[in-house]
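A short write-up of the structure that comes next.
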Amino acid sequence: MHFFDDHKKLFRMALGLFLGLTIIIAVIPALKNQANNAPLPNSEPLSKAAEEGKKIFIANGCVACHTQQVRNVDMDKTWGNRPGIAADYAANTRIDFWRNTATLMGTERTGPDLTNIGIRQPGKEWNLLHLYQPRAVVNKSIMPAYPWLFDVKKELVTGDVELIVPDEFRKGVTGKIVATTDALNLLAYLQSLKQTPLPQGMQESEFLYKKKSEVPSASGADKLPDGKMVYANNCQSCHQENGEGLKGAFPPLKGSKIVHGNDLELYVTIIMKGYDAREEYASMGAIGTINHFTPEDVAALINFERSSWGNNGKKVSAAEVKKIMETLK
Amino acid sequence: MESRNLWGESGIWITVLLIVIPVLAATIIMVVKAVVTLNKYLREQELEKFRKYVKELKPDELEKLERRKKELEFELSHNELSGDATPKDSRGLIDYVDEVAELRFVETKKKSQPRPSIDPVLTRLILWYIGCATFWLLFGTTIGEYLGIKFSAPDIDHYSWLSFGRLRPVHTNAVFWGWASLAMVGLAYYVVPRVSNVQIYSIRLGYRTLILINLSVILGSIFLMAGINNGGGEYREYIWPIMVLFGTGIILSLYNFYKTIAKRNTKEIYVSNWYVIAAMMFLLVIAVVAYWPGWQNGLGETIVQGYYMHQGVGMWFMLFNLGLMYYFLPQQLNKPIYSYSLGILAFWTQILFYTLIGTHHFIFSAIPWWMQTIAIVGSAGMIIPVVAGTTNYLMTFKGSWRKLSGSYTLPFYLIGIIFYFTGSLQGTAEAFRFTNLVWHFTDFTVAHSHLTMYGIITFMLWAFVYTIVPRLTGKEPPQILVGAHFWLALIGLLFYTIPLMVGSTLRGMMWMDGKPFIDSVELMAPFWLWRAIGGTLMWLSHILFAYNVYVMIKKKDTKKIPKSSKEILKMKMELEMENQVEIIK
């Protein structure tokens with residue numbers, strides 16, 4: 001064919017085909033998307049500190065292991081209350097002239113998704129210690145440690161945020177370990193990562209590929225979820241797998257008076273609403289409310305905690321817990 | 001969704017089948033070699049027995065044998081017709097008579113054939129490209145190896161410049177832009193003028209490209225380690241001023257190749273040149289779309305990222321390598337390509353379907369649903385170019401399978417082609433919505449990208465390098481080291497990818513069951529260790545490869561006593577020259 005033997009025609013044709021497809025499949029959709037997209041009206045813009053923290057997040061390539069997207073599939077429910085929509089990313093613009101937009105959606109979950117980390121895990125002490133040495137709080141973690149985000153000082157100056165690090169993770173550091181501005185900014189960014197609830201009247205898209213609901217047991221009575229799993233998913237990163245917590249940061253549940261005691265109301269309230277009564281420990285957020293615990297979840301969790309690590313407390317039923325939870329609302 | 005029903009999913013079955021194919025191929029090659037060795041051994045045993053028998057021969061038997069021998073040895077004196085004149089081979093028909101006398105541990109493969117001589121200036125340019133590419137392969141995979149170790153030993157160092165998130169893109173970009181790209185462009189400097197049957201348009205432009213690309217990878221790596229990157233899109237981590245260097249390099253060589261083709265001495269444009277020129281044009285389009293500083297807000301970034309990431313792989317690396325394959329494979333087998341038209345069909349369908357599939361990295365995400373569906377359909381359409389290409393290569397191989405065992409380059413070709421088939425179709429299977437559920441976000445993606453970028457691209461590039469460099473320099477690599485390189489790389493790749501795929505399937509199922517995330521991290525630990533072991537084998541093979549390249553390029557011939565008439569005469573001439581010089585003095 002003549003056309004195949006003419007280099008000008010041949011290469012122009014190939015380039016034209018590719019350019020045309022590129023415009024249809026990439027350029028137009030991208031342009032359309034950025035033109036017809038705005039952040040949700042009730043979303044909060046990043047604070048100055050969080051903005052700087054995001055830059056630290058980008059510079060250290062955290063996106064290599066952490067996604068920030070909740071897909072509309074059932075298994076992603078762990079990471080957010082609703083599937084992500086285009087508006088969630090609308091506030092992202094170019095970092096500067098030299099660097100591109102960072103939506104930080106990611107493609108790998110070597111570590112957990114961070115879309116909602118500001119709600120799931122907001123604790124300042126926990127996050128800083130986790131950045132300094134992840135294995136100090138999650139012993140099976142393989143996340144890199146970021147000690148260069150911290151200074152070692154002989155004496156504290158006002159405004160310094162000191163980090164209490166367990167001895168085995170100090171690695172010969174004798175001074176006081178103090179968070180740098182970078183670390184505090186990164187913390188602010190992580191705390192800012194929250195899914196904005198959809199405004200009234202906007203329909204959430206559904207989570208697809210639902211797990212088939214479990215066959216109801218014949219008796220139909222008190223079928224509780226696996227308490228150990230509830231604990232591992234929600235409590236373990238602070239109170240630890242062995243229930244001993246971390247000295248100076250998170251109180252032990254092993255042998256705890258609240259866990260053992262008879263004040264069920266206090267126990268449920270702490271789980272649902274958080275706790276900040278003891279100065280020597282970090283404060284606890286409203287873990288149960290944030291994560292939409294059902295009375296069954298709470299009962300299973302209490303029963304697990306009361307029967308683990310040598311604890312030996314009275315079992316509770318979902319009905320008992322439900323009564324207390326209703327008074328909390 | 002019942003996650004136990006894994007085996008009821010077609011996507012899973014296809015993938016398992018695709019994994020089995022290269023393993024089977026490797027097993028067959030290994031079994032054949034083992035059978036040959038075993039037969040040799042058995043023959044030896046039999047021979048030993050026979051020796052014993054010969055030792056104890058009786059005199060009358062001996063006499064019989066001697067008589068028979070004499071009878072059989074009777075022959076004419078061979079000069080009945082010619083008389084006593086000296087034999088002559090005035091047309092040089094008898095050549096390459098070379099006897100191997102030393103002890104052999106491995107089978108001797110065929111040496112590369114001398115080719116019509118290439119301009120030494122061009123030779124030097126090509127060797128520079130291959131040398132630099134080899135350096136980046138070693139550099140990039142050393143980093144990769146270190147990253148693999150970090151999965152099992154996260155506290156191995158605490159330097160910001162060496163932390164995981166910063167090093168990961170250094171690894172990927174160095175092997176992409178440093179190793180594969182430099183090797184491809186360098187090889188094209190051989191192929192493009194050769195199939196156009198003219199000299200290259202400009203040597204100088206070639207060196208400029210070489211310098212620009214090297215510069216971009218050096219600067220890019222330093223910037224990434226210092227924490228300056230483009231915002232996190234994969235393979236798009238270099239900031240745009242650095243990619244401008246790379247792009248300028250490609251523009252210069254594209255112009256160079258285009259001018260060479262324009263003044264070609266052949267009527268047709270050989271299909272290799274279609275692929276090479278197209279790949280270079282498309283890369284520039286892709287880079288401009290992805291890097292233009294001034295757009296891509298919000299999800300626009302993600303849409304472009306999906307396009308960029310996949311076109312970079314499919315339109316640059318894949319298209320370019322297929323083009324080189326259309327030249328090197330027929331040339332190495334010494335026969336024409338099976339079907340020229342299939343090559344053309346694969347060319348157009350690759351452009352059509354591949355361009356559509358970028359978004360399949362973001363299935364179930366907030367990207368418009370219609371784009372995701374197009375991506376899945378395009379992924380299925382990819383079956384056409386992949387099957388067309390594979391068929392074409394395998395049919396070219398047909399009838400020449402015997403050459404495989406006698407060549408040290410052809411196994412690289414074959415494995416590259418097999419992975420081209422399995423790796424590409426695995427990508428299709430991964431884009432199905434169910435398999436995507438299990439595998440997306442897990443290390444399955446990492447395994448897949450190594451099966452393709454390593455199994456296809458890198459194996460093909462090695463094949464080409466081992467084919468061409470001995471022809472350019474006249475020096476052969478030690479065959480045993482080429483063999484060791486091949487097996488270490490292949491076994492390493494299988495150790496790397498198969499455990500990762502198994503582990504990440506289990507991990508994905510754990511996620512679907514809603515198990516605690518940290519349990520899935522713990523689950524992966526042994527699989528990550530396997531990955532590090534496989535990676536180590538691969539890395540060792542690269543050291544051998546680098547040594548082989550060194551031998552082919554640099555190593556001076558050890559003192560050789562001339563054997564052929566040509567060599568003897570050359571030596572005599574040199575000696576005479578020396579004599580004359582002395583006389584003049």
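In the text below, chain A, chain B and the rest are named by the order of the sequence lines, each starting its count at 1.
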dist A:Thr22:OG1 -> B:Ile286:CD1 (nearest 0.5 Å) comes out at 7.0 Å

One should read off an interatomic distance between A:Asn37 CG and B:Leu299 CG, to the nearest 0.5 angstrom, of 6.5 Å

Checked A:Lys8, A:Gln236, A:Met143, A:Lys77 vs chain B; the most non-hydrogen pairs under 4.5 Å come from A:Lys8

Interface check, chain B: of A:Ala90, A:Gly20, A:Pro147, A:Cys62, most non-hydrogen pairs under 4.5 Å belong to A:Pro147

[X] to [Y] - nearest heavy-atom pair and separation:
X	Y	result
B:Gly514	A:Met229	O-CE, 3.2 Å
B:Pro154	A:Ser141	CG-O, 4.4 Å
A:Leu21	B:Leu356	CD2-CD2, 4.2 Å
A:Gly106	B:Phe441	O-CE2, 4.0 Å
A:Ala14	B:Met281	CB-CE, 4.4 Å
A:Thr101	B:Trp295	OG1-O, 4.1 Å

Does any non-hydrogen side-chain atom of [Y] lie less than 4.5 Å from one of [X]?
X	Y	value
B:Asp443	A:Glu108	yes
A:Arg109	B:Thr442	no
A:Met105	B:Gln305	no
A:Phe18	B:Met315	yes
A:Tyr89	B:Glu301	no
A:Arg94	B:Pro293	yes
B:Thr445	A:Thr107	no
A:Thr110	B:Met524	no

Any side-chain donor-acceptor pair under 3.5 Å between B:Ser163 and A:Tyr146? no

Q: Check whether the side chains of B:His440 and A:Arg71 place a donor and an acceptor atom closer than 3.5 Å, and report yes or no.
A: no

Is the CZ atom of A:Phe97 crowded by more than 12 outside heavy atoms at less than 6.0 Å?
yes

Using a 6.0 Å cut-off, check whether atom NZ of A:Lys140 has over 12 heavy atoms from anything other than its own residue.
yes

Bottom line for A:Val27: the part with an atom under 4.5 Å from chain B's heavy atoms is both

Which of A:Thr93, A:Asn92, A:Asn33, A:Asn100 passes side chain to side chain donor-acceptor pair (under 3.5 Å) with B:Gln296? It is A:Asn100

Relative to each other, are the rings of B:Trp240 and A:Trp98 parallel, tilted or perpendicular (30° and 60° limits)?
parallel

Checklist entry - Would you call the rings of B:Phe517 and A:Trp79 parallel, tilted or perpendicular, where under 30° means parallel and over 60° means perpendicular? => result perpendicular

Quiz item: Side chain of A:Arg99, backbone of B:Ile228: donor and acceptor closer than 3.5 Å?
Solution: no

